[in-house]
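The structure appears below as structure tokens.
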Number of protein chains: 4
Amino acid sequence: MTGERRLGRPRSQATRAAILAAALAELDERGYAALTIDGIARRAGCGKQTIYRWWSSKADVVLESLLERAETAIQLPDEGSLPDDLMAFLKATFAQRGQRPTLIGLMAQALLDPAFAAEFKEKFLFKRRDALRVLLDRAVARGEIAAGTDVELLIDIVYGVLWYRFILEHAPLDDELGERLTALLIKASR
Amino acid sequence: MTGERRLGRPRSQATRAAILAAALAELDERGYAALTIDGIARRAGCGKQTIYRWWSSKADVVLESLLERAETAIQLPDEGSLPDDLMAFLKATFAQRGQRPTLIGLMAQALLDPAFAAEFKEKFLFKRRDALRVLLDRAVARGEIAAGTDVELLIDIVYGVLWYRFILEHAPLDDELGERLTALLIKASR
Amino acid sequence: MTGERRLGRPRSQATRAAILAAALAELDERGYAALTIDGIARRAGCGKQTIYRWWSSKADVVLESLLERAETAIQLPDEGSLPDDLMAFLKATFAQRGQRPTLIGLMAQALLDPAFAAEFKEKFLFKRRDALRVLLDRAVARGEIAAGTDVELLIDIVYGVLWYRFILEHAPLDDELGERLTALLIKASR
Amino acid sequence: MTGERRLGRPRSQATRAAILAAALAELDERGYAALTIDGIARRAGCGKQTIYRWWSSKADVVLESLLERAETAIQLPDEGSLPDDLMAFLKATFAQRGQRPTLIGLMAQALLDPAFAAEFKEKFLFKRRDALRVLLDRAVARGEIAAGTDVELLIDIVYGVLWYRFILEHAPLDDELGERLTALLIKASR
DNA sequence: TGATAAACGAGACGGTACGTCGTGTCTTCTG
DNA sequence: CAGAAGACACGACGTACCGTCTCGTTTATCA
């Protein structure tokens, strides 16, 4: 039942880990644009084929590396009120600024490659939308925001502003932004 | 006096135009990711060197092509009230959805290449922010929105939502979005 | 034991042969000066990298092609007397006049590139000197030429005249030259 | 009468000299293989067109530079006897060893380019043959060498050995070679 | 225990585009 | 009208990665 044991030599978990680690290391040292499959393989001490066997692109490798990082996990706060929940959520999100190079690279890849875009949305972007939706739905249930409120638009505003500033870097992603954004959303949705 | 006539053979305007046209044609036929300098040169009937002499990357060529297209010009409506101005502005912006592949490609390049990012911001993104700021400042002057309103945040919300939906394509960029966004911003800024 | 099996995919002998053949074909059709690595790769149906992996220059490829041609093999006659040996040797050498374009090209490359010059001397020019030296040493042993004769100078004379006429083409490389040169050398070395 | 004054601005002798000097300087600093028309023009402070107007190739420029050098002039000794004449001639020739890089480069160009080869022979190589022929004809007239001697072959031997050693550098071009070659030729031609 | 089967490292392969270099021609202004 | 300046079309250069392939080797399961 649990079976599914495939024939032949099983996938090497050590190699898998080495590849993910190598990808992150290359990313840190050289940046996303300079990432190459050759380079990852060389650093991981594995053959290129092994990478191609399990991932479809370098972005795929990076996405998996990213998702394995503990700090990328989504926090779902429950502070009792929307403003507090939102602030906690935004603070947790802002705290991941260190991932910028990686996230920016993945977004670039998503823009250039529709297949990867689908995967990036499914495994990353939409998961975060889902988390935020939980907070907002809770607020609707509590009556903190009006029943007819377009929750999807609120989500778009939060992530739209976040990504827009994340990409352009013309203004900071800090607590002050969190407070102003929270205040604005609540005022707009009462 | 105004002179500034440089020495030597002057830059060929015909070649410049051929290159920009070739870039747009390649873009339409094959998409941004498949653009190559070789391909542009071949189609334009010019040497690669000539492209490298005047532009620093393929994104640079594409950006200039794009800026020369009349339809990329920024509309600055003046309808007399903020809601009308905003709707007109958003409608004009949404009308450029056909440029999506190009704009997405340029954004991808900006994410991968900081030098190009700076240029893209200066020549494209910030020009649009400036236009929107004019509308909002006008509304502040007219008392339509509160004096202390964080105009920059409003701009970030508009363009944040626009780009976020533009990139993810999880929801349409249409008049209904325009109306809801306008309503929300006005409610939040009174 | 003799093993030495290298790791990884072994070198493709088919590709090696295709490259050498393509080089000779290009040489015949277009001449040495018009040879290009691009052209050889195109005709051989291989990537340029494959050529660069195994040879350091186009001259290197051509030299190897040449050395594989059966007709480039050195004949070592043993007719019993120096005049007969020399005539046989010269006839065999003159018979390779068809290789002129190739040899001239290789010599040109040797003049321009010291690294290739060393290789050309080692693998081609000195091998021929060695063969001729065998003939002359034999003649010394038989007493046909004086014991103190400067054999190296005789070799220089033979190959000097040959190459000089080969290059300048101001006089033929034919049997009459062979006879006169033989006679002169013998008269001078008695 | 002497006229032949062409119309328009006359050729600039200063520029001509600058180009020839620049060619020699580049030759000395970088070697023949690295010579470029661009480089010569840059160093001479002239336009490339000016070079193309008056010379047909870089080899052409170099040949003219070489021929203008005083030390390249042919010495025609008249010592009274063939051995002395020959030795003097060879000594004078050997004394030009410093020109090796230039001469080797010109010879390489001659091998690659038949048009230049013709010019090189006419203006350089055959002039030297002519000079040597004068010496040898004088010796025939004096009865130092037999009347039926193949003078052309003797010339080929002298220049063949010289160029062969000059190119291969496997043995020196020195007085000892001069003496041995002289002795050999005289013994062979009595 | 040995056959079978897949994963793995290594690295060669056919390709494509890169960005640079040099060529020989052209187009402008200056002397 | 020669000459400097330098832009131009062209085409080869040698390199970097791509994604695939072909080896020998390793590590499992199954008969």
Side-chain angles (χ1 to χ4, degrees), chain A residues 3 5-12 14-16 18 34-42 44-54 56-58, chain B residues 3 5-12 14-16 34-39 41-42 44-54 56-58, chain C residues 3 5-12 14-16 18 34-42 44-54 56-58, chain D residues 6-12 14-16 18-19 34-39 41-42 44-54 56-58:
Chain A
R5 285 314 263 105
R6 308 261 310 300
L7 220 53
R9 180 176 176 176
R11 176 172 186 186
S12 160
T15 296
R16 175 177 175 278
L35 261 195
T36 64
I37 298 282
D38 273 311
I40 296 171
R42 211 176 306 126
C46 73
K48 288 198 291 173
Q49 193 65 254
T50 303
I51 299 180
Y52 285 114
R53 196 168 359 244
W54 305 108
S56 62
S57 68
K58 68 176 191 176
Chain B
R5 283 314 267 103
R6 308 258 314 302
L7 231 49
R9 178 175 175 174
R11 176 174 186 184
S12 160
T15 295
R16 175 178 175 277
L35 260 194
T36 65
I37 297 283
D38 270 316
R42 212 174 305 126
C46 74
K48 286 198 287 176
Q49 194 68 255
T50 302
I51 299 179
Y52 285 113
R53 206 186 328 266
W54 302 109
S56 61
S57 67
K58 67 176 192 175
Chain C
R5 277 320 261 102
R6 307 262 312 304
L7 233 48
R9 179 174 175 175
R11 176 174 185 185
S12 160
T15 296
R16 176 178 173 276
L35 261 194
T36 64
I37 298 282
D38 271 316
I40 295 172
R42 212 174 304 125
C46 73
K48 286 199 287 175
Q49 195 67 252
T50 302
I51 299 180
Y52 285 113
R53 205 182 333 260
W54 303 108
S56 59
S57 67
K58 67 176 193 176
Chain D
R6 308 261 310 299
L7 222 52
R9 178 174 173 179
R11 176 174 184 185
S12 158
T15 295
R16 176 177 174 277
I19 290 167
L35 261 194
T36 64
I37 297 281
D38 272 312
R42 211 175 306 125
C46 73
K48 288 198 291 174
Q49 194 63 250
T50 305
I51 298 180
Y52 285 113
R53 200 172 351 250
W54 302 107
S56 60
S57 69
K58 69 176 189 175

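As the structure is a prediction and not an experimental result, all values here were calculated from the model. Here is the naming used below: chain letters follow the sequence lines, and residue numbers restart at 1 for every chain.
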B:Thr36: side chain to side chain donor-acceptor pair (under 3.5 Å) partners, not counting sequence neighbours = none
CD1 of C:Ile37 versus C1' of F:dT15: gap in Å, rounded?
-> 13 Å
Under the side chain to side chain contact (heavy atoms under 4.5 Å, CB included) test, which residues partner D:Ser57, sequence neighbours left out?
-> D:Ala59, D:Asp60
Minimum heavy-atom distance D:Cys46-D:Thr15, with the two atoms named | CB-CG2, 4.1 Å
Which angle, rounded to 10°, do you find between the first-five-pair axis and the last-five-pair axis of the helix from E:dT1-F:dA31 to E:dG31-F:dC1?
-> 10°
Closest to the A:Leu7 side chain: F:dT29, E:dG24, F:dC18?
-> F:dT29
For E:dT23, does OP1 or OP2 lie under 4.0 Å from any side-chain N or O of D:Ser57?
-> no
Set of side chain to side chain contact (heavy atoms under 4.5 Å, CB included) partners for A:Arg42, sequence neighbours left out | A:Asp38
Pair of N/O donor and acceptor under 3.5 Å linking E:dA7 base with A:Arg9 side chain = yes
Could I get a table of every N or O pair under 3.5 Å where one atom is in the protein and the other is in nucleotides 1-3 of chain E?
none

Does A:Arg42 have a side-chain nitrogen or oxygen under 4.0 Å from the phosphate oxygens OP1 or OP2 of E:dG9?
-> no
Would you please confirm or rule out a distance under 4.0 Å between OP1 or OP2 of F:dA9 and any side-chain N or O of B:Thr15?
-> yes
Protein-nucleotide distance (C:Ile40, atom CD1; E:dG14, atom C1'), rounded to Å | 16 Å
Can you name the side chain to side chain contact (heavy atoms under 4.5 Å, CB included) partners of C:Ala18, sequence neighbours left out?
-> C:Ala44
Where the side chain of B:Arg11 is defined as all heavy atoms beyond and including C-beta, which of E:dA17, E:dA7, F:dC8 is the nearest nucleotide?
-> F:dC8
Check whether any side-chain N or O of D:Trp54 sits under 4.0 Å from OP1 or OP2 of F:dG3, and answer yes or no.
-> yes
From CZ (C:Arg16) to CH2 (C:Trp54), nearest 0.5 Å = 10.5 Å
Could you check how far NZ of A:Lys58 sits from P of F:dC18, rounded to whole Å?
-> 7 Å
Contact residues, residues 44-53 of chain A to DNA chain F [heavy atom, < 4.0 Å] | A:Lys48, A:Gln49, A:Tyr52
Does C:Lys58 have any salt bridge (Lys or Arg N to Asp or Glu O under 4.0 Å) partners at least two apart in sequence or in another chain, and if so, which?
-> none
Output all residues satisfying side chain to side chain contact (heavy atoms under 4.5 Å, CB included) with C:Arg53, sequence neighbours left out; order by chain, then residue number.
-> C:Gln49, C:Thr50
Rounded to whole Å, the CG-C1' distance (A:Leu35 to F:dA16) equals 15 Å
Would you say A:Ser12 reaches E:dA6's phosphate, i.e. side-chain N/O to OP1/OP2 under 4.0 Å?
-> no
The answer to which of C:Ala41 and B:Asp38 contacts DNA chain E further toward the 5' end, by nearest nucleotide, is C:Ala41
